[in-house]
Amino acid sequence: MVQFGQDVIGGLGFGAIYALAALGLVIIFKTSRLVNFAFGSMGTAVAMILWTLLSAVRLPLVAAWLLALVGAAVVGALTDEALLRRIEQAPSLIQITITLGLFIGIEGLVGVLWGYTPKPLPELTSGGSLRVGPYFLTPDQLLIVALTLVLAAALHFVLERTRLGLAMRAIAQDRDTAMLMGVPTRRTVALSWAWGVLLSGLAAILVAPAVSLSPTMMDQIAVFAFAAAVLGGFGSLAGAIVGGFIVGIVGNLISAYLSTNFQLTFIFLLIVAVLYVRPHGIFGSAAQSRQ
Amino acid sequence: MLELAGVSLSFVGLTAVAGLDLRVADGTICSLIGPNGAGKTSVLNLISRFYTPQTGQVRFNERDLLKLPPHRVVEIGIARSFQSPTLFKNLSVLDNLLVGAAHLSKPSVVEDVLRLPRSRQHERLARERADHALEFLKLEAVRDRVAGDLPYGHQKLVDIGRALVADPRLLLLDEPAAGMEEAQKQWLANAIMHVPDEYGAAVLLVDHDMGVVLRVSDNVIVMNFGSKIFEGPPGEVRHQPQVLAAYLGTERGGTVHDAQA
């Protein structure tokens, strides 16, 4: 039983990563109705930029982090401004093709700029495992989980308690009407792209020490994060968080008791099962899916 | 304040508005009536800038409305409700009303997220206006309900309330009484009559309910086939033969009231 508990805890770290990336997907989807399939490779690019800032520019860790994340937000807003705004009215098949193309394009670009040799990023924290009752936790895991929960809470606060959040919720419901009411729709959508790409970047930075940097480092994580978003109902913040942790924990249990190779298979079986019972995801509603 | 001069609008092969002149004076209630397809809603949609007329001028307080995109119309003081309410259905009634205040001031994102003074001030103003609209339209009891769950009549009121929160100088109402029960219609007519005093806004009303129109209006414009066939105070409308003809398609006697019955 202790071992089982330990395996659950072992899934928390990756669960938090999936949750962060899924949040990034959901926040963009809410306002722009676009699934940003490029979120994985955008995250990779942010992690690579961080690596350059640390190893070549030799910035201090915190400064490099902040700069990389600000860069991610700017790139997110620019992507919306320069590219996706033009396909707002396009059929969804075209939109999907464009963000998928963006995914492949950015991954290729990262390969050209930084090469395919895996690069290490240092662990965020030092020191041995922490002991909580019979269980062990690494400080990195703790930091990642805490950071995810704090960010999710902040995001929730912004959405529910600020004017910007009201604008986002209104746009998510009916963009044209929101625009007629004088809501600055363009600015708000660009901002949600900034947020979304920042979260993808953060997920990549946090996972990098565990998987080492390479152009394809986020490929599998992106699939799991996408699964987490779908599981949570694609549109709900709480859903993305819960979905992320479920995928992380279930994935780790399957690695521990079956085989790492079966992770993806079982995660998708789980999604099929959940969607069979709740067709709109754990936290989704029919109204949300219709929009 | 609002002035349409020689406005014509046609869609492929169909004339919606033909050479219409229309004026709404400050603080007055003007109604636009006419049979289905007479072009009434097209006029509202022209003013909202959903359509651009082929000819003619649309001016609001000496400004050329035709130079503005639809989302800037609210900024210069024209707000509207819709024939079928376009609420944010998953948001609460209060949140729907608050969105109406979106254009009143524009604190920056940083101010919003950190709740700095300008953002708080905006929020206070928006809340005051929303509270006032809730009271004015007797919606206090449903303040925190999800808008999409409300009965149709209430949704229409929320739609009107959202327009009032926007602090308009001119309020466009597209068939506000449609789908309401008789008692609710009477109450709504009363509320509309108080809009100029309470909100300092003129009203341009499109409605089929002759009782409501005749009761609230200072000025009535009757349209048929996109043209104005009569304009005058409500007391004169019901006896005009050309109005009756438009409604009944014949020249037989009676009043517009009979025609509606």
Side-chain angles (χ1 to χ4, degrees), chain A residues 27 30-31 70 73-74 76-77 80 88 151 153-195 198 233 235-237 239 280 283-291, chain B residues 48-50 69-82 85-92 94-116 118-127 130 146-149 159 162-163 165-168:
Chain A
I27 198 90
K30 268 179 99 74
T31 55
V70 168
V74 170
D80 175 51
E88 255 170 20
L151 272 173
L155 206 54
H156 178 80
F157 172 82
V158 168
L159 264 183
E160 296 296 326
R161 292 273 178 275
T162 69
R163 204 183 63 102
L164 172 66
L166 181 62
M168 283 185 173
R169 285 183 292 139
I171 291 169
Q173 298 256 314
D174 184 342
R175 185 171 181 160
D176 291 339
T177 305
M179 190 163 164
L180 285 178
M181 300 297 141
V183 173
T185 47
R186 300 197 149 188
R187 195 183 77 173
T188 311
V189 173
L191 267 170
S192 68
W193 269 87
W195 253 109
L198 186 148
S236 145
L237 298 189
H280 306 290
F283 284 80
S285 66
Q288 215 159 33
S289 311
R290 265 201 308 273
Q291 278 157 20
Chain B
S48 295
R49 296 291 294 111
F50 300 161
H71 63 273
R72 300 230 14 236
V73 170
V74 69
E75 289 173 18
I76 65 163
I78 302 178
R80 72 174 289 176
S81 74
F82 294 86
T86 53
L87 298 179
F88 304 108
K89 292 196 188 321
N90 291 344
L91 299 192
S92 71
L94 179 64
D95 279 345
N96 268 281
L97 295 176
L98 290 175
V99 174
H103 71 97
L104 290 179
S105 70
K106 303 212 156 145
S108 70
V109 175
V110 177
E111 286 172 306
D112 269 346
V113 172
L114 298 179
R115 299 171 72 79
L116 297 180
R118 235 157 63 97
S119 178
R120 282 167 176 278
Q121 197 187 334
H122 173 94
E123 222 156 286
R124 209 175 313 124
L125 176 74
R127 280 299 286 264
V146 173
D149 294 345
D159 195 17
R162 187 174 59 183
V165 169
D167 196 16

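Below, chain A is the first sequence line, B the second, and so on; all start at residue 1.
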**Request:** Using a cut-off of under 4.5 Å on heavy-atom pairs, state which of B:Leu91, B:Leu87, B:Leu104 scores highest against chain A.
**Result:**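 Heavy-atom pairs under 4.5 Å are most numerous for B:Leu91.
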From the list B:Ala126, B:Ser119, B:Pro107, the residue making the most non-hydrogen contacts under 4.5 Å with chain A is B:Pro107
Heavy-atom pair with the smallest gap, counting every atom of [X] and [Y]:
| X | Y | answer |
| --- | --- | --- |
| A:Asp174 | B:Phe88 | O-CE2, 3.4 Å |
| A:Arg163 | B:Ala102 | NH1-O, 3.5 Å |
| A:Ala170 | B:Val99 | CB-CG2, 3.9 Å |

Is the closest side-chain heavy-atom distance between A:Leu166 and B:Asp95 below 4.5 Å?
yes
Measure the spacing between [atom1] of [X] and [atom2] of [Y] and express it to the nearest 0.5 Å.
| X | Y | atom1 | atom2 | result |
| --- | --- | --- | --- | --- |
| B:Asn96 | A:Met181 | CG | CE | 9.0 Å |
| B:Arg72 | A:Met179 | CZ | CE | 11.5 Å |
| B:His122 | A:Thr162 | NE2 | OG1 | 10.5 Å |

With a 4.5 angstrom heavy-atom cut-off, is it the side chain or the backbone of A:Ala178 that approaches chain B, or both, or neither?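 Looking at A:Ala178, backbone and side chain both touch chain B.
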Under 4.5 Å to a heavy atom of chain B? For A:Arg161 that would be both
Mind ranking A:Val158, A:Leu191, A:Asp176, A:Thr188 by heavy-atom pairs under 4.5 Å with chain B and telling me who comes out on top?
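Maximum pair count with chain B is reached by A:Leu191.
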Which bit of B:Ser105 comes within less than 4.5 Å of chain A, counting heavy atoms only: side chain, backbone, both or neither?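 Backbone only.
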Bottom line for B:Pro69: the part with an atom under 4.5 Å from chain A's heavy atoms is neither
Hey, does the side chain of B:Glu75 reach the backbone of A:Gly182 with a donor-acceptor pair shorter than 3.5 angstrom?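 Between the backbone of A:Gly182 and the side chain of B:Glu75 there is no qualifying donor-acceptor contact (under 3.5 Å).
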